[in-house]
Amino acid sequence: MPRRAPEGPPPPPVVQRLRVRYAKRGRLRFTSHRDFARAFERALRRADVPIAYSAGFTPHPRVSYLGAAPTGVASEAEYLELGLASPVDPDQLCISLDRALPDGLDLVEIVVAGPGSLAERIQASHWRIELPGIEAEQAARALDSFLDRQEIRIERVTKDGRRSVDARGAVLSARTCAEGRAILELVVRQTIPAVRPDDVLAALRAVAGLALEAPPVAVRLAQGPLDDNGGVGDPLAADREAAGSTAPSYQASREAPLPAVPPPRAAAPVQ
Amino acid sequence: MPIRSLFPDLEPLLPRVSKPIQYVGGELNSRVKDWDCVAVHWALMYPDAYEVGLPNQGVQILYEVLNERVDALAERTYAVWPDLEALMRENGIGQFTVDAHRPVAAFDLLGVSFATELGYTNLLTALDLAGIPLHAADRDESHPIVVAGGHAAFNPEPIADFVDAAVLGDGEQAVGVLTDLVRDWKQDGRPGGRDGLLVRFAATGGSYVPRFYDVDYLPDGRIAAVRPNRPEVPERAVKHTVMDLDRWPYPKAPLVPLAETVHERMSVEIFRGCTRGCRFCQAGMITRPVRERSIDTIGSMVEQGLRATGFGEVGLLSLSSADHSEIGELAKQLADRYEDDKVSLSLPSTRVDAFNIELANEFSRSGRRSGLTFAPEGGSERLRRVINKMVSKDDLIRTVSTAYAQGWRQVKLYFMCGLPTETDEDVLEIAAMSHDVIRAGREATGSRDIRCTVSIGGFVPKPHTPFQWAAMADPETIDRRLRRLREAINADRSLGRNVGMRYHDGQPSLIEGLLSRGDRRVGAVIEQVWRDGGRFDGWSEHFSYARWVGACASVLRGVDLAWFTTRERDADEVLPWDHLDSGLDKQWLWDDWQDALGEFEQDDCRWTPCFDCGVCSNLGTDIQIGPTGRPLLPVLPR
């Protein structure tokens, strides 16, 4: 059978690599990662971004996504990388891409990629989880029993069946606070498989009987390198430094930035 | 009166249901208008899951047409899956729109687009969740007017109890007329109440209001007569036809869903109507005459739509897209224009000829040549004369040989089973045809690795077609023929192993047949099925044949499921939809039915003289086709 090959020269090479921080907010937190990827690729077309493509009959745009927040969980700090076929001004691109996306999928910052791998800088995530119907004290007691354990195995239902996951080991620090309702904050180390807010809540239910009356509202506040104090740093800081700027150059955020959170108290050491 | 959003109540339930993104709205190009700034509020429903309903062109067109008016707003609502339905009932949350999550019960009108009759039970779920009485007779002025549209509205009798009105035909102008009537009636102080408004709908709005017509039955169960019971109401309700599609270039900014849907592409309708005359095809009969969009309007709709959506694929829609008078030019120019933009073009193609392959080659210039689809519909040449699908076996083999030789890897063939006069032998010829296709493909390519898929649907006779009098085959007959066909395909293993066969069993088709040609007595069956838990009947995992059979047995008196489906009708029988005017002469339909039985073919009136189907003369319409000779408009730099 005659095999056809794509005609013409190979696609133009990548001349600029960009790193993108975006947020998933409000009702659009129910966007799954696949949903986001489709919406983002359409936004690239709408904004006329000179994205580079892979070769072959079904060329794919050069977009690579870093570990995405679960469906239903909001995030202020999601990351992806773009390969462009001609260079653009990252600040301008941030504005036009944000306009091309639906409200709630918001561009926060775009920087030119500096040396080093972004994926390697994503060492931990900072989560904030609202616990509806739970008293602050009750949450604090449950967290204490959680932190007292070395390991808490929970069952996670996946496509391939049930899988046992340790929800404790990856939690580096945690605290509760009350703002009318109990709020749990966690710093969780990036592991494979990733430990998600749901896993920690399942563990709290297992060790302390903490049962929620409604689904929790969770948001990823940050992800990035772990600093010496156990806090989560900005993974794009190194790129910004390499490009000679120090502060985030553009904030596409429509909401006021979340108040800075003091570093959570250190967890019991895990052996 | 401010209308509260139901979203705060809904939001905590969403993490507990599958694919919650389908319920949150916020799609690109969706609109939320201020409730109090407009006089008339439309909720538009597609009565199936969001993933099926969102891409529906009818709903998207009306959504945009209505929202462009300063005095109206339109929001969308879809069928919710049973997991969310249960939680909504538990928490007292009503049917909501996805745009502003306003309660459907608060709208002036609920317009429901029925592409298929299998959405009827989903209508009842939505009405019930909305707190709207199921029966139109039980509604008062506080409830929305429920209006049915779409192809199934050409026989709305089975849902006559549940809808207030039905609109036949094109909706673009009809929704404007209804909007004016509702606005004026409200301004006038609502004279005559709900009834007064519905009289205006029927008398001057071109709508069919079932309650204004009485049906009398003969002792043997057939209909004696259908007569209006009010002086203001016309004898027959007439379909709407939009002439000059260039003046209605909708949707201009198609909705872009976040959720994955069944059509991940943008669609541009290149013409409406079809006069190929396939006798089984309701769409071809009820959308006459053919009205083409001109090549330059299509060009600008494609360009504007792509800019507005970012879609990577454009489908050129119609009932038989290769028949557009300028399709060759259109294909070439669009392919030239978008070759470098990674935008692919597709043509839902069913014509079996070499020209179709040229078009497909044009559309796949720089892309993969995966599969081509052809629809001979009938297995034998005799049967294809009965259904007026003029394709010879030699044509088909020649065409697929060309396709394989030009690099296409797979050919898909569509057929129907259960057609009038069909015998087992007619169906078994599909096996021989598929073997010949594999042989031809091997010869054309020199390779044994050739694929052919045979896809078979059950035939359902539809109102306003020459087959409206035909008896359906019973499910046992269908299943036996399909079983024998599979054996015949596999009888020659060396050929059969390269043929895939896809089919549905005969039971859902029989129920679709009941709902398609049913009369008002079928309403009680639908309601009983719904009360027994019937939902999403178009989905095989939700459809229950036993539930429908049981409901027919418990509710119907004097007539039964077989009476509505496997019984052939006589020339003089009053059909439940005779008082609904699609423009087609009943006598012409009957003559065409007789021609079908005599195996006589009928040509297309675009290329041969008018054969008097009745549509143009009855409705004052005319064929609108090119060629215009105009080029695509140049694209302005962005």
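All figures in this text were calculated on a predicted structure; none of them were measured in a lab.
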Which heavy atom of [X] sits nearest to which heavy atom of [Y], and what is that distance?
{"X": "Arg34(A)", "Y": "Glu260(B)", "answer": "NH2-OE1, 2.5 Å"}
{"X": "Phe30(A)", "Y": "Ile21(B)", "answer": "O-CB, 3.5 Å"}
{"X": "Arg45(A)", "Y": "Asp341(B)", "answer": "NH1-O, 3.2 Å"}
{"X": "Ala39(A)", "Y": "Leu258(B)", "answer": "CB-CD2, 3.7 Å"}
{"X": "Gly25(B)", "Y": "Leu28(A)", "answer": "O-CD2, 4.2 Å"}
{"X": "Val24(B)", "Y": "Arg27(A)", "answer": "O-NH1, 2.7 Å"}

Listing, residues 212-220 of chain A side-chain donor-acceptor contacts under 3.5 Å, not counting sequence neighbours, or none:
unit_1: Arg220(A); atom_1: NE; unit_2: Glu78(A); atom_2: OE2; d: 3.0
unit_1: Arg220(A); atom_1: NH1; unit_2: Ser125(A); atom_2: OG; d: 2.9
unit_1: Arg220(A); atom_1: NH1; unit_2: Gln223(A); atom_2: OE1; d: 3.4
unit_1: Arg220(A); atom_1: NH2; unit_2: Gly67(A); atom_2: O; d: 3.2
unit_1: Arg220(A); atom_1: NH2; unit_2: Glu78(A); atom_2: OE2; d: 2.9

Taking atom [atom1] as the centre, does [X] end up with more than 12 heavy-atom neighbours from other residues, nucleotides or ligands that are less than 6.0 angstrom away?
{"X": "Arg156(A)", "atom1": "CZ", "result": "yes"}
{"X": "Lys33(B)", "atom1": "NZ", "result": "yes"}
{"X": "Glu264(B)", "atom1": "CD", "result": "yes"}
{"X": "Glu155(A)", "atom1": "CD", "result": "yes"}
{"X": "Arg89(B)", "atom1": "CZ", "result": "yes"}

Checklist entry - Which residue out of Val343(B), Asn29(B), Thr309(B), Val256(B) racks up the most heavy-atom pairs below 4.5 Å with chain A? => result Thr309(B)
Checklist entry - With a 4.5 angstrom heavy-atom cut-off, which part of Phe7(B) approaches chain A: side chain, backbone, both or neither? => result side chain
Checklist entry - So what's closer than 4.5 Å to chain A heavy atoms on Ser344(B): side chain, backbone, both or neither? => result neither
Checklist entry - Using non-hydrogen atoms only, which part of Phe36(A) is less than 4.5 Å away from chain B: side chain, backbone, both, or neither? => result neither
Checklist entry - Which answer fits Ala43(A), side chain, backbone, both or neither, if we ask what part of it has an atom under 4.5 Å from a heavy atom of chain B? => result neither
Item to check | Residue, of Thr71(A), Leu44(A), Thr31(A), that accumulates the most heavy atom pairs under 4.5 Å with chain B | outcome: Thr31(A)
Checklist entry - Quick one: CG on Leu306(B) to CZ on Arg46(A), what's the gap to the nearest 0.5 Å? => result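 Rounded to the nearest 0.5 Å, the CG-CZ separation comes out at 11.5 Å.
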Next on the checklist: Under a 4.0 Å threshold between the charged nitrogen and the carboxylate oxygen, would Glu41(A) count as salt-bridged to Lys342(B)?
Outcome noted: no
